[in-house]
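Here's the structure we're looking at; comments come further down.
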Amino acid sequence: MKYEELEERMDQNAVHVRYNVEIEGPAIKPEDDDDVVNIIPTEEPFKSIALAVLYEDRDASLKNVQKALNDGLSPIEIINNGLMKGMDAVNVLYTKGFYFLPDLMLAGDGMMEGVKECEKVLGHKSETKGTAVSFVAEGDPHDIGKNLVVMFLRAGGYEAIDMGRDVPTTEVVKAVKEYKPILLTGTALMTTTMTVFPKVVAALQKEGLEVPAIGCGGGAVRKDFVESFPMSVYGVEAYHAPRLADAIVKDHKNWKDIRKEYSTIVGEFVSEYS
C-alpha cells in the first residue's frame, strides 16, 4: 500500500488526539511497578513521604516531613524509612529506563529538602555510612556526570563532598588529606582531560596517600585506560558509585580484592550491554 493511500484511510482526528496525562494519569503508576512495590513502605507517614519523593514533589516532601517531625517522629526514622525509600524507588525506575535525568534531579531535590529539615531538628548532619569526594578533572567544565554521582552517593547514605568542575590535582590531594574518603570519584568528558586521572593517582602516591577506590568515568573514559594505574576502577554508570562504596564499607580491610571484584563485575556488565 502506498503512503498516500494509507494516509487517506487513517483517522486524522484520532492521530492528533493528545491525551492529558495530568488528568488521566500514566498507564502504570510509578508505585505500582513490580520492583517499586517492594520498596515503598506501607506504613504512614513514611509512605506519603516516600511517594512525594517518587513523584518529584519537593513541596509535598517538605510538608510531609515537617508534619511527621511535628508529630514527634524521629528524624532518623523519617530519613531512613521515608526519604531514602522514595529515592531507592526513583533509582530503580531510572535504572530500568522509566525515569530520566530530570526526574532523578527533581526527586533528589525533594529528598535533600526533607533531609535538611530533619537535620535542623537533629542539630547536626545526619549520620552517614562514610565520606566520598567527587571532582571533575582539571580543565574539564562538564559536570553533569559528577552531579549524578554525588546525588546517588547522598541518596545511598554517604557524605559526598562535591568539589565542582575543573578541579586542580593539588586540590584533590588536599581533599583526600582532609576528608580521608573511602571513595574518590573523578569524571571527564574529553580525551584531553581524562589524562588527569593517572596524575591524580601519582600525586596521591607521592604524598603517601591511599584511597580504597578511585572511580573514574565519563564520556571519553575507557575501562582499559582506567585499570592501567593503581587504586582505580572504571565507572560505567553513576548509580554504581554507592554500590562500590557499600562494598568498601562492608569489608574495608580487603579493599584491594573488592576493587578487583568490582572491576570484573563491571567488565561483565559492559560485555552484556554494549
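Sequence positions, counted from 1, serve as the residue numbers for this chain.
- Nearest approach of A107 to V90, heavy atoms of both residues: CB-CG2, 3.7 Å.
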Check against side-chain contact (heavy atoms from CB on, under 4.5 Å), E119 and V115: CA-CA 6 Å; E119 288 176 347; V115 169; 3.6 Å; yes

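- For the pair V133/V172, no side-chain contact is recorded, criterion being any heavy-atom separation below 4.5 Å from C-beta on.
- Taking every heavy atom of both residues into account, I40 and K85 meet most closely at CD1-O, 4.4 Å.
- Taking every heavy atom of both residues into account, L189 and D140 meet most closely at N-OD2, 2.8 Å.
- Annotation: side chain of L73 is not in contact with side chain of L69 (no heavy-atom distance under 4.5 Å).
- The closest side-chain heavy-atom distance from V167 to E138 is not below 4.5 Å.
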Pair D57-L106, side-chain contact (heavy atoms from CB on, under 4.5 Å): steps then yes or no: CA-CA 8 Å; D57 193 332; L106 289 170; over 6 Å; no

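- S134 pairs with exactly one of T185, T187, N147 by the side chain to side chain donor-acceptor pair (under 3.5 Å) rule, that one being T185.
- Within the structure, ring pair (Phe, Tyr, Trp, His ring centres under 6.0 Å) contacts touching residues 198-233 (residues at least two apart or in different chains) are F225-F229.
- Among L244, I214, V249, the single residue meeting the side-chain contact (heavy atoms from CB on, under 4.5 Å) criterion with L183 is L244.
- Counting only heavy atoms from C-beta outward, the side chains of T131 and I182 never approach each other to under 4.5 Å.
- Side-chain contact between V92 and F98 is absent, with no heavy atoms from C-beta onward closer than 4.5 Å.
- Listed by chain and number, the residues in a ring-ring contact (aromatic ring centres under 6.0 Å, His included) with F152 are Y94 (sequence neighbours excluded).
- Side-chain polar atoms of Y55 and E31 form a donor-acceptor pair below 3.5 angstrom.
- Within the structure, the salt bridge (charged side-chain N to carboxylate O under 4.0 Å, His left out) test picks out no pair touching residues 98-107 (sequence neighbours left out).
- With hydrogens and angles ignored, the 3.5 Å screen pairs no side-chain donor or acceptor of Y239 with any backbone N or O of L148.
- Here the shortest heavy-atom pairing between V121 and P75 reads CG1-CG, 3.8 Å.
- C216 and V226 make their closest contact through CB-CG2, 3.8 Å (heavy atoms, listed as atom of the first residue, atom of the second, distance).
- We find the NZ-CG distance between K29 and L51 to be 10.0 Å, quoted to the nearest 0.5 Å.
- Formation of a donor-acceptor pair under 3.5 Å by the Y158 side chain with backbone atoms of D246 is found in this model.
- Applying the salt bridge (charged side-chain N to carboxylate O under 4.0 Å, His left out) test to pairs two or more places apart or on separate chains, those with a residue in residues 34-52 are D35-K96.
- With a 4.5 Å cut-off on side-chain heavy atoms, S232 and V201 count as touching.
- Looking only at side-chain heavy atoms (C-beta outward), M151 and M111 stay at 4.5 Å or farther from each other.
- At least one donor-acceptor pair under 3.5 Å links the side chain of D166 to the backbone N or O of G139.
- Between G156 and K129 the shortest heavy-atom distance is O-NZ, 3.0 Å.
- Under the salt bridge (charged side-chain N to carboxylate O under 4.0 Å, His left out) criterion, the residue pairs touching residues 145-157 are K146-D162, with sequence neighbours excluded.
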Side-chain atoms of residues 59-68: list all donor-acceptor pairs with protein atoms under 3.5 Å, sequence neighbours left out, distances to 0.1 Å.
| residue | atom | partner | partner atom | Å |
| --- | --- | --- | --- | --- |
| S61 | OG | G110 | O | 2.9 |
| N64 | ND2 | S48 | O | 3.2 |
| N64 | ND2 | A60 | O | 3.2 |
| Q66 | NE2 | E117 | OE2 | 3.3 |
| K67 | NZ | D71 | OD2 | 3.1 |

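- Put simply, the side chain of V221 reaches to within 4.5 Å of the side chain of Y234, judged on heavy atoms.
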